[in-house]
There are 2 protein chains.
Amino acid sequence: MSDVARAAGVSLMTVSNVLNGRPNVGAETRLRVLEVVDELGYEINLAARRLRSGRTGTVSLIVPRFDHQYYSELAARISDVLAPEGLHLVVEQSGASRERELSALSLARLQQYDGVLLSAVGLDFQDLDRIHPDVPIVLLGEQDVPDRYHRVKMGNVTGARLATEHLVECGARRIAVLGGRLEAPHPEMATYRARGWAQALEAAGLSPDPSLAIPLESFSIAEARSAIRERVQGGLEVDGVLGVTDEVAIGAMAGLRDAGLVVPEDVQVVGFDNLRVSEHVGPGLTSVDPGHDAMVAHALRLLRQQMDNKGTTPEHVVSEVALVVRGSTRRPVNDRK
Amino acid sequence: MSDVARAAGVSLMTVSNVLNGRPNVGAETRLRVLEVVDELGYEINLAARRLRSGRTGTVSLIVPRFDHQYYSELAARISDVLAPEGLHLVVEQSGASRERELSALSLARLQQYDGVLLSAVGLDFQDLDRIHPDVPIVLLGEQDVPDRYHRVKMGNVTGARLATEHLVECGARRIAVLGGRLEAPHPEMATYRARGWAQALEAAGLSPDPSLAIPLESFSIAEARSAIRERVQGGLEVDGVLGVTDEVAIGAMAGLRDAGLVVPEDVQVVGFDNLRVSEHVGPGLTSVDPGHDAMVAHALRLLRQQMDNKGTTPEHVVSEVALVVRGSTRRPVNDRK
DNA sequence: CCCGCACGGTATATCGATAAACCAGGTGGT
DNA sequence: ACCACCTGGTTTATCGATATACCGTGCGGG
């Protein structure tokens, strides 16, 4: 920058003012500076600016894994909303381990950004309670979090209930929840969704059979596929499957086919997340739509509030879910049409 | 940091030395400093460190879209390799537009990182030729690039040829290339893969029918699905489809089913990319595996070379492809087994 | 005629860390 | 006895931009 200043015959500060579109610079001087700038191919040093001004113009999204479709769709959505506002999004992977999430959350890293969207799965209440980040932060996700954080989550229980009710209405009676886990030390996505499943079954007078809650480790398609295949081949009777995520449900459809069962005739399947691909696999996957756009809008609103005036009272927002019916479920039995 | 120094009764520099594990600090002093550090909850300021030292410890991956599975799988792979080496990966989305790619490439942004992996699709040869980034950079992708860049790409032509040959061997005669574009101002992924398709057909004595090269805009599943459905319903005869990507191929399978055709009996389908989901959709998608791991290894090796000693001669690496056969294609007709 | 203020711009201190030079005291070799 | 060198530090300058205070000049109002 001092090169530019010298070449243009002005002071450092004037160059800075020109580059930041600040007033108090004559039109002529401004022009001359701009000329010199692109003659020398000068580009501002963001590290220095950040050191002095404290702003970076970038927001970070921290997700457990890049290659879980839910997160990559989320990232794309957020980036698309942020870009027109002149904010840059960078995405980091925390690896879903508590260790790596903590290190991603290290204040040092967070300082780098004007705001952080954290989709944590490995951290529990206590971890979050110990940390006092001084960066605007919004938590996305399902675990319990201290009140002082802003937070957006989906209607997990409601969604799973809707999905299960739909399966019941469509005639399913032995409904498994693949990836569901009824009791867990710390409640998380899989717990809440299993809870919705249990509620719906009880409401329908079907008591939830614990052997129909099939836990998973990684919630990957491959894992889901082999899990359901093995159970069915081992004699488990099912006529409905609620996958705790769409990826799990996609795995379930593949596993059921492996076992010689046909979707939706023999077994009906519902997922959760309404991924873009879900419309196109098999007969089309019936899925719970978590209201992606609304979630993103809420999260960014909360983030912006914090970024603008530092003193906002924390909000916990729950997005509205809706069931999207496709070919992996049949028609409701008492549908007269 | 000066607070820490004062509280520990040492100089700034000693604190810095402790924090960076440098020698020349007594064990006792080191301990005392560390105590004070976590008593005060001090965290180093990365912006300042970066300003002074020039290093950031982070590498950036710039992709067109987060929500194209190919890129999210790539990102996850790279992050997994980098993490154990103490390097942090952040991913940015360029939006696949030339404008936004250029702005992502603005030197100012690039300066922020120790290295950049750029998966460009919007930039052409001339754009890249005009730019002279002084950050280590490796290009991933298919377009032509100036020699001075390091670059890793896949064997597009070869892969598409393999795939098409396989379709021919399995009895297909009217093979469409969905997403393929035979002539284009700047060659890109779709062009190269269409080229492989044409080569294989010619080698088999089947002249490539231009009406069987069906271009796409976005290469999304939905677009691919409706494109193939419309063509088939419009009377186009096909018994094989090469999707230029797996997402396109997945769309193709759905579209063919829409049109009442069965895969692989009526029409065989092959994709390109070997996504993780591809194994699990429909009868399993036969696909060209681009050698993900090898690509990542090459790219990171090239990046590291540049990061270590500034003077390496640019390399252009082509990764090896291999066909993975699954249920969306039949058995070769002259398979005696 | 003098005061006050807007305009266009400059000088300086500063953000927080680190590289480099420097320094005191002890130790071993010759 | 003297020099060289290691150990465990400290001091100082610096990275590049920006916030803040400041300074002439010209002009309108009282």
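Just so we're on the same page: letters track the sequence lines, and every chain starts at 1.
Side-chain N/O atoms of A:R22 include none lying less than 4.0 angstrom from OP1 or OP2 on C:dG8. Here B:N45 does not reach the OP1 or OP2 of C:dC15: none of its side-chain N or O atoms lies under 4.0 Å away. Regarding contacts with the backbone of C:dG9, a side-chain N or O of A:T29 is found under 4.0 angstrom from either OP1 or OP2.
Nucleic acid contact class of A:S2 (heavy atoms, under 4.0 Å, all strands): none. Residue-level contact check: B:N24 touches the bases, meaning some heavy atom is under 4.0 Å from a base atom. Among the protein residues, A:R30 comes within range of no part of the nucleic acid, since none of its heavy atoms lies under 4.0 Å from any strand. Residue contacts for B:I44: at a heavy-atom cut-off of 4.0 Å it reaches the sugar-phosphate backbone alone, with no base atom in range.
The separation between B:L31 atom CG and D:dG9 atom C1' is 17 Å, rounded to whole Å. Between the CG atom of B:D3 and the C1' atom of C:dC15 there is a distance of 14 Å, rounded to whole Å. Rounded to whole Å, atom P of D:dG16 lies 13 Å from atom CG of A:L46. The CZ atom of B:R52 sits 8 Å away from the C1' atom of D:dA13 (whole-angstrom rounding). Regarding B:Q112, its CD atom lies at a distance of 14 Å from the C1' atom of D:dA17, rounded to whole Å. Between B:Q111 atom CD and D:dA17 atom P the separation is 8 Å, expressed in whole Å. If you measure from atom CE of B:M1 to atom P of D:dT10, you get 11 Å, rounded to the nearest angstrom. When the C1' atom of D:dA17 is taken as reference, atom CZ of A:R55 falls 16 Å away, rounded to whole Å.
The pair B:E73-A:R65 does not count as a salt bridge, with every side-chain nitrogen at least 4.0 angstrom from each carboxylate oxygen. Classification of B:D129 and B:R148 as a salt-bridged pair holds, one side-chain N sitting under 4.0 Å from a carboxylate O. Under 4.0 Å is where a charged nitrogen must lie from a carboxylate oxygen, and between A:R151 and A:D144 no such pair does.
The 5' end of DNA chain D is approached more closely, in terms of each residue's nearest nucleotide, by B:V10 than by the other of A:M13 and B:V10.
The listed nucleotides are D:dT18, D:dT14, D:dG16; the one nearest the side chain of A:S53 is D:dT18. Side-chain proximity of A:N17 to the nucleotides D:dA17, C:dA17, C:dT10 is greatest for C:dT10. Closest approach to the A:L51 side chain among C:dA17, C:dC15, D:dA17 is made by C:dC15 (side chain taken as heavy atoms from C-beta onward). In this structure, of C:dT10, C:dT14, C:dA17, it is C:dT10 that holds the atom nearest to the side chain of A:S11. Distance from the side chain of B:V25 is smallest to D:dG9 among C:dA13, C:dT18, D:dG9. Checking C:dT18, C:dT10, D:dG9 against every side-chain atom of B:S16, the shortest atom distance belongs to C:dT18.
Checked by distance alone, A:R49 brings no side-chain donor or acceptor within 3.5 Å of a matching partner on the base of D:dT18.
Put simply, the side chain of A:H292 does not reach to within 4.5 Å of the side chain of A:L74, judged on heavy atoms.
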**Prompt:** Given B:Q143 and B:Y192, is the side-chain hydrogen bond (donor to acceptor under 3.5 Å, both in side chains) satisfied, shown in steps?
**Reply:** CA-CA 9 Å; B:Q143 355 72 298; B:Y192 290 114; over 6 Å; no

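For the pair B:S72 (side chain) and B:Q69 (backbone), a donor-acceptor distance under 3.5 Å is present.
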